[in-house]
Amino acid sequence: SMYGFLGPNGAGKTTTIRVLMGLLSPSAGRASVFGRDCWSKSSSIKAEVGYLPGDLRLPSWMNCDEALSLFGRIRRRDLRASGLRLAEQFALDPQLRVRAMSRGTRQKLGLILALAHEPRLIFLDEPTASLDPLVQRTLYVQLRRGIDEGRTVLLSSHTLSEVEELCTH
């Protein structure tokens with residue numbers, strides 16, 4: 001399923017996603033993903049989750065190919081084939097350095113890194129904010145394909161029409 005996560009600026013969407021990712025400890029209560037506590041079991045959760053933060057930052061020297069290699073070592077699996085397939089679908093030159101990328105192109109790279117390991121659960125924080133309409137369509141196709149393969153997506157957005165088009169909940 002795909003869940004839309006709507007709210008105005010400052011409502012706590014990004015904070016909630018960061019708590020679910022185990023990047024922030026909840027100030028009260030408890031959060032769990034896959035039945036595991038998000039804070040104390042964050043490493044095991046992150047292995048099965050894809051995440052695109054709203055404020056993606058990558059080293060300026062890195063290109064897509066190097067990012068796939070680095071993230072693959074972190075995830076202990078080869079992401080190159082699936083990542084390069086996604087790069088082709090998103091029309092991203094794998095040799096282009098982050099320093100030469102526009103904001104939209106960096107967003108494409110972030111999406112590739114979030115999707116390449118075929119995670120069970122995908123958290124996307126404002127994923128289409130800087131993407132052109134054609135790339136947005138490519139993303140929608142990728143997300144729907146993931147849903148058909150049994151993945152779950154939580155999509156944070158300010159755009160009601162986007163959430164209405166994509167999300168089932």
Side-chain angles (χ1 to χ4, degrees), residues 1-58 64 67-68 70-72 74-77 79 82-83 86-87 89-90 92 103-131 135-169:
S1 294
M2 190 171 322
Y3 293 83
F5 197 36
L6 288 163
N9 286 335
K13 297 181 303 294
T14 296
T15 300
T16 301
I17 291 171
R18 288 177 179 167
V19 167
L20 293 172
M21 282 295 300
L23 301 172
L24 290 176
S25 176
S27 57
R30 176 182 178 306
S32 63
V33 171
F34 309 131
R36 297 176 231 154
D37 181 79
C38 291
W39 186 248
S40 64
K41 303 293 183 191
S42 70
S43 291
S44 68
I45 292 169
K46 287 175 189 156
E48 300 178 66
V49 172
Y51 173 51
L52 176 69
D55 58 348
L56 176 67
R57 299 196 184 163
L58 295 166
C64 178
L68 289 167
L70 174 65
F71 279 60
I74 291 167
R75 293 196 175 280
R76 294 186 180 101
R77 60 186 288 192
L79 301 179
S82 61
L86 285 165
Q89 290 167 355
F90 282 112
L92 174 66
R103 185 167 185 242
T105 303
R106 284 192 311 270
Q107 192 79 341
K108 289 187 216 181
L109 178 54
L111 287 165
I112 291 164
L113 296 172
L115 300 173
H117 66 290
E118 301 175 345
R120 278 176 56 186
L121 174 61
I122 304 164
F123 291 124
L124 302 173
D125 194 358
E126 306 275 346
T128 60
S130 58
L131 297 178
V135 176
Q136 287 179 15
R137 289 282 156 215
T138 301
L139 172 61
Y140 298 166
V141 167
Q142 288 299 319
L143 294 178
R144 287 184 182 115
R145 184 176 297 140
I147 299 297
D148 291 344
E149 294 170 355
R151 292 178 184 74
T152 301
V153 177
L154 178 74
L155 176 98
S156 160
S157 179
H158 286 113
T159 310
L160 181 59
S161 60
E162 176 180 61
V163 170
E164 286 177 329
E165 178 183 345
L166 285 174
C167 299
T168 51
H169 305 325

Step-by-step side chain to side chain contact (heavy atoms under 4.5 Å, CB included) determination, R120 to E149: CA-CA 9 Å; R120 278 176 56 186; E149 294 170 355; over 6 Å; no

Evaluation steps, side chain to side chain contact (heavy atoms under 4.5 Å, CB included), between L109 and L58: CA-CA 9 Å; L109 178 54; L58 295 166; 3.5 Å; yes

Test log, rule salt bridge (charged side-chain N to carboxylate O under 4.0 Å, His left out), inputs E126 and R103: CA-CA 13 Å; E126 306 275 346; R103 185 167 185 242; over 6 Å; no

Residues L52, Q107; criterion side chain to side chain contact (heavy atoms under 4.5 Å, CB included); working and verdict: CA-CA 8 Å; L52 176 69; Q107 192 79 341; 3.6 Å; yes

Audit row: I17, S156, side chain to side chain contact (heavy atoms under 4.5 Å, CB included) steps and yes/no: CA-CA 9 Å; I17 291 171; S156 160; 3.8 Å; yes

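A donor-acceptor pair under 3.5 Å is formed between the side chain of R77 and the backbone N or O of H117. Looking at S157, its side chain never comes within 3.5 Å of a backbone N or O of V163 through a donor-acceptor pair.
In this structure, CD on Q142 lies 5.0 Å from CG on L86, to the nearest 0.5 angstrom. Between the CZ atom of F34 and the OG atom of S44 there is a distance of 9.0 Å, given to the nearest 0.5 Å. One distance of note links CD of E165 with CG of L160; it measures 11.5 Å at 0.5 Å rounding. Note that CG of L121 is 8.5 Å distant from CE of M21, once rounded to the nearest 0.5 Å. Rounding to the nearest 0.5 Å gives a distance of 5.0 Å between CZ of R151 and CD of E118. Interatomic distance, R145 CZ to L115 CG, rounded to the nearest 0.5 Å: 11.0 Å.
Across A114 and P119, no two heavy atoms sit closer than the pair O-CG, 3.5 Å. Contact detail for I45 and D37: the closest heavy-atom pair is CD1-O, 3.7 Å. The shortest non-hydrogen separation linking F90 to I112 is CD1-CG1, 3.9 Å. Counting all heavy atoms, side chain and backbone alike, L131 lies closest to Q136 at O-NE2, 2.9 Å. Across every non-hydrogen atom of L23 and K46, the tightest pair is CD2-NZ, 3.9 Å. Shown here for S42 and C38, the closest heavy-atom pair between the two residues is CB-O, 3.1 Å.
Within the 4.5 Å cutoff, no side-chain heavy atoms of V141 are placed close to those of Q89. Contact annotation: the side chain of L111 approaches that of P127 to within less than 4.5 Å [non-hydrogen atoms, C-beta and beyond]. Within the 4.5 Å cutoff, the side chain of L124 has heavy atoms near those of the L143 side chain. Looking at V49 and L20, their side chains never come closer than 4.5 Å, going by heavy atoms from C-beta outward. In this structure the side chain of T128 reaches within 4.5 angstrom of the side chain of L139, judged on heavy atoms. In this structure, the side chains of T168 and Y3 stay at 4.5 Å or more apart for every pair of heavy atoms. Two residues are said to be in side-chain contact when any heavy atoms from C-beta on lie closer than 4.5 Å; I147 and S1 fail this criterion.
Under a 4.0 Å N-O distance rule, the pair R137/E162 does not qualify as a salt bridge. Taking a cutoff of 4.0 Å between a charged side-chain nitrogen and a carboxylate oxygen, R18 and D55 qualify as a salt bridge.
In the model, T14 has a side-chain atom that pairs as donor or acceptor with a side-chain atom of D125 under 3.5 Å.
Aromatic ring pairs are classed by plane angle as parallel below 30°, tilted from 30° to 60° and perpendicular above 60°; the pair F123 and Y51 is perpendicular.
Partner E48 forms a salt bridge (Lys or Arg N to Asp or Glu O under 4.0 Å) with one of R36, R75, K41 and no other, that one being R36.
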